[in-house]
Amino acid sequence: MEQDRQDVYSPGEIEGKWQAAWDDRGTNSFTEEMFRSAQEPFYNLMMFPYPSAEGLHVGNIYAFTGADVHGRYQRLTGKAVFEPIGFDAFGIHSENFALKQGVNPMDLTPKNVANFTRQLRRIGGMFDWDHTVNTSEPDYYRWTQWIFVQLFKAGLAERKEAPVNWCPDCMTVLANEQVINGLCERCDTPVEQRRIAQWFFRITDYAQRLLDNLKNIDWSETTLKAQENWIGRSEGATLKFPVLATTTEGPEGPLPPGVTAWVPAEGTPPISVFTTRPDTVNGATYMVLAPEHPLVAEITTPDRKAEVEAYQEEAAKLDLVARQKVDKTKTGVFTGGYCTNPATNQPIPIWIADYVLIEYGTGAIMAVPGHDQRDFEFAEVFDLPIPRVVAGPGDDADTPLEEAYVGDGVLVNSGHFDGLPWREGARAIVEWLEKRELAEPQVNYRLHDWCISRQRYWGPPIPIIHCDKCGPVAVPEADLPVVLPRLEDFKPDDSGVSPLARVEEWYKTECPECGEGARRETDVSDTFLDSSWYFLRYPSTDHEDIPMDAEITKRWLPVDCYIGGEEHAVLHLLYARFITMALKDMGQVDFEEPFLKFRKHGLIIREGAKMSKSKGNVIVPDPIIEEFGADTFRIYLMFLGPFAEGGDYRDEGIQGPFGFLHRLFDTVVSAIANSQPDTPPDPQVEQKLHKTIKQVSEQIPNLQYNTAIAAMMEYLNAARAGGRQAVRAEVEALVPLVAPFAPHLAEELWERLGNEQSVFEGANWPAFDPQKVAEETVKIAVQVNGKLRGTVEAPAGSSQEEVESLARAQENVTRHLDGTTVRRVIFVPNRLLNFVVG
RNA sequence: GCGAAAGUGGCGGAACUGGUAGACGCGCGAGAUUUAGGAUCUCGUGGCUUAGGCCGUGGGGGUUCGAGUCCCCCCUUUCGCACCA
């Protein structure tokens, strides 16, 4: 048979043709009417990219393709699928790059966005280009600022001076989440601590809800675990240790040098500590305050002052890397002060040490060296007593401790609490101390408030005006957006304030309340605020005067399926949940979890490492799409491995999917040319087809794209086996089946099959016939003592007798049965027959 | 240290509630067609083998007629968190 030129699969032509057709026909775009009336709305969201100057990389394409496959599948099953994409264009990434290149981010960003848009169109995503967002545009960040104002009004935004992570290279404050092992996540510079006035969102108010709701959402298990760990709930108690004055006269028994009497210190509040092990309080032989603890100065005795202050200074200078080194030998200084252990009533010395962190709990601990390894190490260095108060199995009250014992056990050396299992002991001791107002049950969270301000340029100005009379006042909503001015000099400096603070004509303003001269906040907000609500904006981008249309939001949100990278498991996802919850409490939305279902995708590995510029193993997508087409590239990426786990990118591997699409094209085109529409399918091929439909239909919703593709390849091989000519009825259903993966090719074949509408509008997801999936004959394994000795073919549902007689007819089986006694026969219908012989 | 996931051919990876390990693809081998090809198409491809089998899913035990899958111990790798009291 001769094929004319037109009938050779040429992805370049086909893809250009269909991308243009989708645009012209508005195949993927929603109208206002569609938003309001869609019957089965399905919001298919993927994490929007930061538009880098390098363009889309394979990791982006992998993620978007996987999400797009899912969206296209949902659409083929009849849902109205809204699949938007946008650009996370504000932030330090863009700003740093602009600084390096000596260009203005206001000029650079639109170029990058245009390039990303071009590339995103090329990969054939089902994106609604009429509803995109760009976080750096005033029509978007107007509403980012609006959200800030809402939180401010609700008392959830507050300004406080706080020790913050300062990156001396980026010259900005970082959130705890952006500090990786004490290094800046962007530039790997050791982070320092500074005290600056900062804006915080009170996410900790929502800690328990953020934790509780995890039970009600369908997310990847690992992501839920990550969130849970990040929130870090721990249950325990605060215990109070009254402070003793140490300079009073009148000796009473043996006292440490410098101490003349034990009397309560007048006017000094007791020191609170948080502990998860109140049962061990009898073993608390000393107390440790963080060097920054506010009571240090008050407690320190004059003779210790110099040493204590030197240590405080040292600790402040230490960057977080050095401070957080776990294997570092414990250091610390005795303050000269004492307090009373509320359980033993004994005086214990108060130390300061940098292993106690000011930001967690109360910034002070009761040190129980016998049952906390850190305290143990400290006590060893400074030769402090290490009593045992919990006895494990086989221990008694005097068993010496080689290291801290943290296992199960019963209390010892704890007065009338001796003998209680530790959990019960904890409860009893707290109750007992509570009566004397020295204890209180307490829950603590590792989660910190979200530091939202950045002393940078490339972000939304925080919409606050500082007035000497009225304090911080929100910019009136009618005056939003507070437009980010174009600055030629936007380089951050060491001053601790944003470059915007250099522009007097920008920050000078009037107080919206009293009309006096006032000053705009010059800090900008964290990029994570931009991305914490973008999914709320997408369906409402046609509405300029409101952040979101209530009716549309009600119909389309929460998001039905969100797909993104595991690297955002704690940062972005937690912030988005928090903002949504806060908006719910303000009555702005009627749901509190934004993402009903979240699935993470894996990473693409190449040459044994994650693709990155520094490793030099990056694949630039454009030439590959040029050579093989987007459809092939999409299939190749989805075929690498399970989508949730990522895959190993090997350059030669793309030949397989390329060949598959070639064969698919040829097979369908020649079936159209060479068979009548009503030619019946070969029964065996038809059966295989129904099995394939079943498999693909089950695997796509589970994101098992690799096996779905394998199933289609297998089917195509079967339909063409031995060079046979497939008929139309055998291949027609393959077109919608492959459409989520290779949308351009599917459209082309769908059209050649004589359809006018897009395959995504006109086709139904093929159904399989359960009758046809059922096997008529089955291959049954025949084993002797569990070892395979043959297989027999038998009608499905054959009885054990029938199968057994077939099996015994096989020479290879009888040979193994000869001279033995069959003791038992195991029969699994349609699967296996096992002779157990002795 | 804590938490999570994972170890299967030369490689990426399949394998439903325990039931023929290695689907699909890459690579490799043989052949066909071709002036030629890094093109296309067919067939083959876990190892060993005395050709009957034997051995094989990180290692070692166990349960079972039967284990990649279940149980116990150990090893390795990757990722996340990490002095959080």
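Protein chains get the first letters and strands the later ones, always in sequence-line order, with residue 1 at the start of each. The figures here come from the full heavy-atom set of this structure, side chains too, leaving out hydrogens, waters and symmetry mates.
For A:Lys225, taking side-chain heavy atoms from C-beta onward, the closest of the listed nucleotides B:G27, B:G3, B:C24 is B:G3. Checking B:U20, B:C83, B:C24 against every side-chain atom of A:Asp354, the shortest atom distance belongs to B:C83. With distances taken from any side-chain atom of A:Arg446 to the nucleotides B:C65, B:C26, B:A82, the minimum falls on B:A82. Looking at the side chain of A:Arg789, the nearest of the listed nucleotides B:C26, B:G19, B:G53 is B:G53. Nearest to the side-chain atoms of A:Thr275 among the listed nucleotides B:A85, B:G53, B:C65 stands B:A85. Of all nucleotides listed (B:A23, B:C26, B:A85), B:A85 comes nearest to the side chain of A:Asp372. When the nucleotides B:A85, B:G10, B:G19 are ranked by their closest atom to the side chain of A:Leu832, B:G19 comes out on top. The side chain of A:Phe639 has B:G25 as its nearest neighbour among B:A85, B:G25, B:C54.
For B:G37, there is no paired base (Watson-Crick or G-U wobble, both distances below 3.5 Å). Across all strands shown, B:C16 forms no Watson-Crick or G-U wobble pair with both distances under 3.5 Å. With a cut-off of 3.5 Å on both Watson-Crick or G-U wobble distances, the partner of B:G52 is given as none. Applying the Watson-Crick and G-U wobble criteria (two distances, each under 3.5 Å), B:G27 pairs with B:U45. For B:C79, the paired nucleotide is B:G3, the pair qualifying as Watson-Crick or G-U wobble because both relevant distances are below 3.5 Å. Pairing partner, B:G68: none, since no Watson-Crick or wobble contact has both distances short of 3.5 Å.
Straight-line distance from the CG atom of A:Leu357 to the C1' atom of B:A82: 11 Å, rounded to whole Å. Look at CZ on A:Phe835: it is 20 Å from P on B:G19, rounded to the nearest Å. As a whole-Å value, the separation of A:Leu661 CG from B:G25 P is 13 Å. Regarding A:Gln655, its CD atom lies at a distance of 6 Å from the P atom of B:A39, rounded to whole Å. Between A:Arg233 atom CZ and B:A85 atom P the separation is 13 Å, expressed in whole Å. Look at CZ on A:Phe274: it is 16 Å from C1' on B:C83, rounded to the nearest Å. Atom-to-atom, CZ of A:Arg831 to C1' of B:U17 comes out at 11 Å; the value is rounded to the nearest Å. Atom CZ of A:Arg815 and atom C1' of B:G52 are 6 Å apart (whole Å).
As judged by a 4.0 angstrom heavy-atom cut-off over every strand, A:Asn834 is placed among the base-contacting residues. A:Asn717 comes within 4.0 angstrom of sugar-phosphate atoms only, judged by non-hydrogen atoms across all strands, and of no base. Counting any heavy atom pair closer than 4.0 Å across all strands shown, A:Gln783 reaches a base atom. Using a 4.0 Å heavy-atom cutoff across all strands shown, A:Arg663 reaches sugar-phosphate atoms only and no base atom. In this structure, A:Leu640 reaches the sugar-phosphate backbone alone: every heavy-atom distance under 4.0 Å involves primed, P, OP1 or OP2 atoms, never a base. Within the 4.0 angstrom heavy-atom criterion, only backbone atoms of the sugar-phosphate kind lie near A:His816; the bases stay farther away. Residue-level contact check: A:Lys787 touches the backbone only, with heavy atoms under 4.0 Å from sugar-phosphate atoms and none from bases. No contact: A:Asp651 has no heavy atom under 4.0 Å from any strand.
On the C1' atoms, B:G56 is 16 Å away from B:G7, given to the nearest whole Å. Annotation: B:U34 and B:U40 have their C1' atoms spaced 10 Å apart (nearest Å). Comparing the same atom, P, in B:G46 and in B:C41 gives a spacing of 22 Å after rounding to whole Å. On the C1' atoms, B:U45 is 36 Å away from B:U63, given to the nearest whole Å.
Note: A:Tyr636 and A:Phe658 fail the aromatic proximity criterion, with ring centroids not under 6.0 Å apart.
Of the two residues contacting RNA chain B, namely A:Asn229 and A:Glu566, the nearest-nucleotide position lying further toward the 5' end is that of A:Asn229. Both A:Ala226 and A:Pro642 lie close to RNA chain B; mapped to their nearest nucleotides by heavy-atom distance, the more 5′-ward contact belongs to A:Pro642.
Between the side chains of A:Thr692 and A:Glu714, no donor-acceptor pair is found at a separation under 3.5 Å. Between the side chains of A:Asp449 and A:Thr204, at least one donor N or O sits under 3.5 Å from an acceptor N or O.
Between A:Phe643 and A:Tyr62, the ring planes lie tilted relative to each other; the angle falls in the 30° to 60° range.
For the OP1/OP2 pair of B:G19 and a distance below 4.0 Å, the side-chain nitrogens and oxygens of A:Asn830 include no atom meeting the criterion. Remark: A:Asn706 is in phosphate contact with B:A14, judged by side-chain N or O atoms under 4.0 Å from OP1 or OP2. OP1 and OP2 of B:G3 both lie 4.0 Å or more from every side-chain N or O belonging to A:Thr222.
By the neighbour-count criterion of 12 heavy atoms within 6.0 Å, atom CD of A:Gln684 is sparsely surrounded, having that number or fewer from other residues, nucleotides or ligands. At most 12 heavy atoms of other shown residues, nucleotides or ligands fall within 6.0 angstrom of atom CD in A:Glu402.
Ion pair A:Glu380/A:Lys330 not flagged as a salt bridge, since none of the NZ, NE, NH1 or NH2 atoms sits closer than 4.0 Å to an Asp/Glu carboxylate oxygen.
No donor-acceptor pair under 3.5 Å is formed between the side chain of A:Asn812 and the backbone N or O of A:Gly790.
Taking 3.5 Å as the limit, the base of B:C41 and the side chain of A:Arg720 contain no donor-acceptor pair of atoms between them.
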